[in-house]
Amino acid sequence: MTVHDTMIPDLRSILADSDLFREAALINGGWIVRADMPVTNPATGGVMGHMPDCTADETTAAIAAAEEAMKGWRARTHADRADMLMRWYQLMLDHADDLAQILTAEQGKPLAEAKGEVMYGASFVRWFAEEARRINGHIIPSPVAGKKIFAMKEPVGVCAIITPWNFPIAMITRKVAPGLAAGCTMVVKPSDFTPYSALALAVLAERAGIPAGVLNILTGRPEVIGATLTASSVVRKLSFTGSTRVGALLAEQCAPTLKKMSLELGGNAPLIVFDDADLHVAVEGAMLSKFRNGGQTCVCANRILVQSGIHDAFVRALAARVDALNVGPGTAEDTMIGPMINDAAIAKINAHVDDALSKGASRATTARDLGAQYADPVVLIGATPDMRLATEETFGPVAPIFKFETEAEALELANGTPFGLAAYFFTTDMARAFRFGEGLEAGLVGLNTGAVSHAEAPFGGVKTSGLGREGAQEGIDEYLETKAFHFGGLDA
Ligand code: SIN
């Protein structure tokens with residue numbers, strides 16, 4: 001038992017609605033309760049519960065249930081599906097505190113941030129409930145007489161959804177809500193580190209009236225479930241958020257059945273601060289982009305490029321903010337950075353810092369000894385392209401500062417990566433804003449802001465950061481096919 005075990009009460013006892021905490025999987029409306037695998041609370045390193053390790057047969061049963069359920073689900077009116085999604089949205093708001101407690105217990109982020117994720121996750125349900133009523137086709141003028149041509153939008157089919165541990169709620173709703181709105185049915189595989197938020201969402205979906213088989217949740221190890229989902233010819237679409245390595249593997253597995261795919265993969269986001277930036281805006285933007293979720297997001301700034309004229313002032317201001325970050329269990333009121341997800345994550349973060357220090361970087365922040373579950377938030381100055389943190393995603397609270405002289409040099413450094421998810425830059429020169437923004441190779445660009453994630457805006461990457469877009473109007477297209485319906489014989 002660590003010191004934090006004594007500080008964190010049993011999860012069920014603190015939930016207003018303890019029924020939301022399910023140690024189970026959900027197939028065709030049936031809850032399968034088995035304690036095959038433990039789930040760890042990252043703040044304590046202790047076991048917080050168990051879950052079934054779903055088999056290939058169970059995965060096949062979930063796919064069959066989704067296929068059967070789709071007949072009724074796609075036949076409903078769009079308004080009916082929208083109403084059900086709006087009920088689900090409202091239930092998420094009603095149970096936001098409990099959802100946040102579950103999320104913090106399994107993922108580690110501070111409670112206030114977990115609540116923020118619940119609201120962010122709910123915003124996708126609301127947005128796609130609204131979009132469900134606007135799935136319009138169009139009429140094409142026919143090139144021949146006596147014919148009408150309609151482009152009709154239809155649901156793509158049964159969808160497999162594989163989600164990561166860093167946003168256990170929002171990454172599910174961002175995929176499931178547009179799919180359900182479009183008339184698709186879902187087999188969801190949440191991360192084996194964070195299954196309970198997905199299961200709580202499924203309880204609320206049931207209460208919202210979403211019928212059995214429309215939303216299935218499979219818990220357990222990814223290999224067997226993933227292989228069965230990708231091999232199935234019934235599954236017509238796969239949406240995945242995670243690493244580029246796994247995304248490429250899934251694409252390979254999906255190739256024989258040619259599924260539609262959305263892949264939101266790794267990043268190596270640059271954040272560029274020009275001499276003419278507003279210092280306060282740049283520091284606040286860097287804090288938001290770099291330290292959200294303890295640095296564990298695909299869109300976190302991984303490399304901070306600072307022009308020489310503002311470098312020292314920026315480093316001083318950023319280091320002061322980072323030194324003031326409280327690190328601790330997510331349930332403690334003053335915590336700003338929670339534990340990292342697991343030992344492997346901490347080992348990688350420490351390896352990146354050690355590698356940078358050994359190659360000439362130095363700390364601009366005061367080193368802290370925080371205990372085994374935590375990573376020390378750090379600003380490193382003197383970062384160079386030969387360091388691991390220049391080319392690999394650190395996924396932790398490490399802010400390496402690279403000094404540059406010219407705009408051309410900054411653009412070359414920023415784009416000098418196979419990834420292209422997010423990029424941020426700070427300038428008050430509007431000509432540069434357009435010029436530089438257009439030059440950045442990224443699916444998401446933040447100018448004078450560290451936030452690029454909203455349900456209303458398209459989210460996704462270029463290069464090896466993925467395929468497709470989530471959120472926005474584009475997000476629902478990923479779950480639709482276009483049928484060209486040629487209506488002849490009208491000239492009689
Ligand atoms: C991610 O890290 O994959 C998603 C982050 C976000 O939605 O902002």
Side-chain angles (χ1 to χ4, degrees), residues 103 107-110 113-128 161-178 188-191 193-194 197-198 201 238-247 250 261-271 285-302 337-338 340-341 345 348-349 392-398 419-424 442-446 449-472 474-475 478:
L103 206 171
Q107 198 275 338
K109 66 182 65 174
E113 209 173 331
K115 184 101 174 260
E117 183 184 337
V118 174
M119 304 315 277
Y120 178 46
S123 74
F124 290 107
V125 181
R126 179 181 184 180
W127 172 262
F128 286 112
I161 305 294
I162 303 181
T163 55
W165 51 263
N166 61 344
F167 288 87
I169 286 186
M171 294 307 99
I172 290 183
T173 55
R174 185 151 84 184
K175 298 171 190 310
V176 167
V188 179
K189 160 72 183 78
S191 164
F193 296 121
T194 55
S197 296
L201 284 178
L238 178 116
S239 179
F240 168 72
T241 294
S243 70
T244 296
R245 184 186 67 76
V246 175
L250 289 168
M261 295 193 81
S262 301
L263 300 173
E264 200 257 279
L265 307 177
N268 182 359
L271 184 148
M287 289 301 294
L288 183 58
S289 161
K290 176 66 258 183
F291 294 99
R292 175 173 171 233
N293 200 17
Q296 303 172 109
T297 89
C298 299
V299 291
C300 274
N302 201 52
I337 306 258
M340 297 294 102
I341 189 68
K348 182 178 184 194
I349 292 162
E392 298 172 31
E393 202 175 14
T394 306
F395 234 63
V398 178
F419 299 102
L421 186 54
Y424 309 84
L444 306 158
V445 173
T449 176
V452 291
S453 307
H454 306 288
E456 294 80 359
F459 188 104
V462 300
K463 295 157 78 176
T464 61
S465 288
L467 303 172
R469 291 294 178 268
E470 298 191 303
E474 286 89 340
E478 305 276 337

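Each ligand, and each atom within it, is numbered from 1 in the order the structure gives.
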Quick one: does Thr241's side chain get under 4.5 Å of Phe167's, heavy atoms only?
no

Got a sec, which residues hit ring pair (Phe, Tyr, Trp, His ring centres under 6.0 Å) with Phe128, two or more places apart in sequence or on another chain?
none

For ligand 1, list every N/O pair with the protein closer than 3.5 Å, one pair per line with the distance.
{"unit_1": "ligand 1", "atom_1": "2 (O)", "unit_2": "Asn166", "atom_2": "ND2", "d": "3.1"}
{"unit_1": "ligand 1", "atom_1": "2 (O)", "unit_2": "Cys298", "atom_2": "N", "d": "2.7"}
{"unit_1": "ligand 1", "atom_1": "3 (O)", "unit_2": "Glu264", "atom_2": "OE1", "d": "3.1"}
{"unit_1": "ligand 1", "atom_1": "7 (O)", "unit_2": "Tyr120", "atom_2": "OH", "d": "2.7"}
{"unit_1": "ligand 1", "atom_1": "7 (O)", "unit_2": "Arg174", "atom_2": "NH1", "d": "3.0"}
{"unit_1": "ligand 1", "atom_1": "8 (O)", "unit_2": "Arg292", "atom_2": "NH1", "d": "2.9"}
{"unit_1": "ligand 1", "atom_1": "8 (O)", "unit_2": "Arg292", "atom_2": "NH2", "d": "3.0"}
{"unit_1": "ligand 1", "atom_1": "8 (O)", "unit_2": "Ser453", "atom_2": "OG", "d": "2.4"}

Quick one: salt bridge (charged side-chain N to carboxylate O under 4.0 Å, His left out) partners of Glu392, sequence neighbours excluded?
Arg388

Residue pairs passing the side-chain hydrogen bond (donor to acceptor under 3.5 Å, both in side chains) test where at least one lies in residues 459-470, sequence neighbours excluded:
Arg174-Glu470, Lys175-Glu470, Glu441-Lys463

Chi angles and distances behind the side-chain contact (heavy atoms from CB on, under 4.5 Å) call for Gln107, Ser197
CA-CA 9 Å; Gln107 198 275 338; Ser197 296; over 6 Å; no

Phe395 side chain reached by Cys300 side chain, heavy atoms, under 4.5 Å
no

